[in-house]
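Below you'll find the structure, written out as C-alpha cells, and then a few comments.
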Amino acid sequence: MSATDRPLRIAEIFGPTIQGEGALIGLPTVFVRAGGCDYRCSWCDSLHAVDSAFRDSWAAMSSTEVWARVRDLSGGRPLTVSISGGNPAIQDFGPLIAMGRAEGYGFALETQGSVARDWFAELSMLVLSPKPPSSGQVPDWAVFDDCLRAGQGASAVVMKIVIFDDTDYAWARDVADSYPDLPLVLQPGNPEVDPAVPVAAQDVADRLLWLVDKVTAEGWFRPRLLPQLHVMLWGNRRGV
Ligand SMILES: C[S@@+](CC[C@H](N)C(=O)[O-])C[C@H]1O[C@@H](n2cnc3c(N)ncnc32)[C@H](O)[C@@H]1O
Ligand SMILES: Nc1nc2[nH]cc(C(=O)O)c2c(=O)[nH]1
Ligand code: SF4
Ligand SMILES: [Mg+2]
C-alpha cells in the first residue's frame with residue numbers, strides 16, 4: 001500500500017441519489033460518508049457515522065477501493081460526489097479526490113469547519129456548516145477561518161447553518177454579518193432523527209415555513225432557505 005493509499009474509515013457509500021441539502025440541492029450524486037467526528041451535536045442525524053458504538057460497522061477502505069465503489073455506483077459516468085460524515089476533514093480525502101478528478105468527477109464536501117485541510121482547494125464545493133447554540137457545540141472561529149483560507153482554491157464555498165429555534169436564528173444573523181461575502185443557506189433543524197420513526201413531509205414543510213416567515217418579516221434577503229429534500233422524500237432512512 002502506498003503512503004497515499006492509507007485506509008479510510010467509511011461508514012457508508014451509497015447512491016446514486018440526489019443531494020438533499022444546500023446549494024447543490026436536487027443534483028444527482030453518490031455519497032461517501034466518513035466514520036468519526038470531533039463534534040457531538042445534540043441533534044446529529046448521522047450518529048451511525050459519529051458514535052464509536054457504531055465503529056464496528058465502519059469499513060477500513062483504501063482510497064482506491066472507495067474510488068472503485070463510487071465509479072461502480074455511478075456507472076463510470078462523471079458526477080459530483082458528496083463526501084460527508086461524521087467529519088470527513090479528520091481524515092485524508094486528498095487521494096480519493098485526485099483519483100476522481102482525473103476521471104472528470106467533481107467533489108462536494110460537508111464539514112463543520114473544525115479542521116482545515118489543504119485538499120479543500122481541490123473541491124468543486126466546500127460546504128462549511130458552523131454549529132449553532134442548540135447543537136451544544138461552540139465553533140472555534142480561528143479554525144473556521146483557516147478552513148475558508150484552505151478552501152480559497154475550491155470552485156465554490158457556501159456556509160450552511162441549521163436553525164432549530166429563535167436563539168439559533170439570532171446567532172445565524174450575527175455569524176452571517178461576520179462573513180458578508182459567503183453565500184448563505186439556512187436549513188431548518190430536524191428534531192426527529194431516528195431512522196425507524198416516519199417523518200411527515202408536511203412537518204418538514206412547516207419548519208421551513210417558520211423560517212420563511214421570520215426572514216421575510218425582517219426583510220433579510222440574503223440567505224437561501226432550503227429544506228432537507230431527502231427527508232421530505234424518504235424520511236430519516238439511511239442510504240438515500
Ligand atoms: C451529518 S453532517 C456531516 C458533516 C459535518 N459533520 C457537518 O456537520 O457539517 C451533514 C449536514 O447535516 C446537518 N444536520 C445534522 N443533523 C441535522 C438535523 N437534525 N437537522 C438538520 N440538519 C442536520 C449538519 O448541520 C450538516 O450540515
Ligand atoms: N440525499 C441526501 N442528501 C444529503 N445532504 C447532506 C447529507 C448528509 O448527511 O451529509 C445527505 C444525505 O444523507 N442524503
Ligand atoms: S459535526 Fe456533523 S456529523 Fe459531527 S456530530 Fe455534528 S452534525 Fe453530526
Ligand atoms: Mg444527513
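Order of appearance sets the numbers: ligands from 1, and atoms from 1 within every ligand. We're numbering straight along the sequence, starting at 1.
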Could you check [atom] against the protein and tell me its nearest heavy-atom contact, residue, atom and distance included?
atom: atom 14 (N) of ligand 2; result: V240 O, 2.8 Å
atom: atom 1 (N) of ligand 2; result: I18 O, 2.8 Å
atom: atom 13 (O) of ligand 2; result: R33 NH2, 2.8 Å
atom: atom 5 (N) of ligand 2; result: Q19 OE1, 2.6 Å
atom: atom 22 (N) of ligand 1; result: Q187 NE2, 3.0 Å
atom: atom 11 (C) of ligand 2; result: F31 CZ, 3.4 Å
atom: atom 3 (N) of ligand 2; result: G20 N, 2.9 Å
atom: atom 2 (C) of ligand 2; result: H230 CG, 3.4 Å
atom: atom 10 (O) of ligand 2; result: S84 OG, 2.6 Å
atom: atom 11 (C) of ligand 1; result: E21 OE1, 3.6 Å

Side chains of [X] and [Y], heavy atoms from C-beta outward: is any pair under 4.5 Å?
X: M99; Y: V70; result: no
X: F93; Y: R117; result: no
X: T29; Y: L24; result: no
X: F144; Y: M159; result: yes
X: S63; Y: L8; result: yes
X: N190; Y: N236; result: yes
X: I97; Y: I83; result: yes
X: V193; Y: L47; result: no

Could you check whether any heavy atom of G86 sits closer than 4.0 Å to an atom of ligand 1, since that is the contact criterion I want to use?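 It does; at least one heavy atom falls under 4.0 Å.
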Looking only at N/O atoms, are K160 and ligand 2 under 3.5 Å apart anywhere?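 K160 vs ligand 2: no N/O contact under 3.5 Å.
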Would you say F14 has any N or O atom under 3.5 Å from an N or O of ligand 2, going by distance alone?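 In fact, backbone or side chain, F14 has no N or O that close.
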Just wondering, more than 12 heavy atoms not from [X] lying within 6.0 Å of its [atom1]?
X: D118; atom1: CG; value: no
X: R224; atom1: CZ; value: no
X: R55; atom1: CZ; value: no

Centroid separation under 6.0 Å, is that true for the rings of W119 and F107?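 Not under 6.0 Å, so no.
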Could you work out, for atom 26 (C) of ligand 1, the closest of G189, S134, S129 by heavy-atom distance?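 Of the listed residues, S129 has the closest heavy atom.
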Take the angle between the ring planes of W171 and W141 and call it parallel below 30°, perpendicular above 60°, tilted in between.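 Rings of W171 and W141: tilted, as their planes differ by 30° to 60°.
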State which residue, out of L79, T80, L96, fulfils the side-chain contact (heavy atoms from CB on, under 4.5 Å) condition with Y105.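 Option passing the side-chain contact (heavy atoms from CB on, under 4.5 Å) with Y105: L79.
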Backbone or side chain, does any N or O of [X] fall under 3.5 Å from an N or O of ligand 1?
X: D45; value: yes
X: V193; value: no
X: Q112; value: yes
X: N190; value: yes

Pull out every atom of ligand 1 sitting under 4.0 Å from any heavy atom of [X], numbered as shown with elements.
X: K131; answer: 7 (C), 8 (O), 9 (O), 24 (C), 25 (O)
X: C44; answer: 16 (N)
X: K160; answer: 27 (O)
X: G85; answer: 1 (C), 3 (C)
X: S46; answer: 1 (C)
X: Q228; answer: 20 (N), 21 (C), 22 (N), 23 (C)
X: S84; answer: 3 (C), 4 (C), 10 (C)
X: E110; answer: 4 (C), 5 (C), 10 (C), 11 (C), 27 (O)

Is there a donor-acceptor pair under 3.5 Å between the side chain of R33 and the backbone N or O of A11?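 Absent.
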Pair R238, E12 - check salt bridge (Lys or Arg N to Asp or Glu O under 4.0 Å), show working. CA-CA 9 Å; R238 296 206 179 129; E12 52 186 353; 5.9 Å; no
Under 2.8 Å from atom 6 (Fe) of ligand 3, the protein N, O or S atoms, given as residue and atom: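 Under 2.8 Å from atom 6 (Fe) of ligand 3 - ignoring waters, which are not counted - the protein N, O or S atoms are C41 SG.
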Could you see which bit of V127 sits under 4.0 Å from ligand 1, with heavy atoms only: side chain, backbone, both or neither?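 The answer is neither; V127 stays 4.0 Å or more away.
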With a cut-off of 4.0 Å, which atoms of ligand 2 are near a heavy atom of E21?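 Counting from 1, the qualifying ligand atoms are 5 (N), 6 (C), 7 (C).
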Hey, is Q228 touching ligand 2 through its side chain, its backbone, both or neither, going by heavy atoms under 4.0 Å?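 Looking at Q228 and ligand 2, no heavy atom falls under 4.0 Å.
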Using distance alone, with no hydrogens and no angle criterion, decide if Y39 and S135 have a side-chain donor and acceptor under 3.5 Å apart.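 Distance-only check fails for Y39 and S135.
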Without hydrogens or angle criteria, can the side chains of S134 and D165 be said to hold a donor-acceptor pair below 3.5 Å?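 Not at all, the side chains of S134 and D165 share no donor-acceptor pair under 3.5 Å.
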Is it true that E21 and K160 make a salt bridge, defined as a side-chain N closer than 4.0 Å to a carboxylate O?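 Result for this pair is yes, salt bridge flagged.
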Is it possible for you to say whether W210 and I161 belong to one hydrophobic cluster, with membership spreading through side-chain heavy-atom contacts below 4.5 Å?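 Yes.
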Take Q112 and C37 through the side-chain contact (heavy atoms from CB on, under 4.5 Å) test and state the conclusion after the steps. CA-CA 10 Å; Q112 61 266 43; C37 190; 3.4 Å; yes
In terms of atom number and element, which parts of ligand 3 are under 4.0 angstrom from non-hydrogen atoms of G86?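 Matching atoms, with element in brackets: 3 (S).
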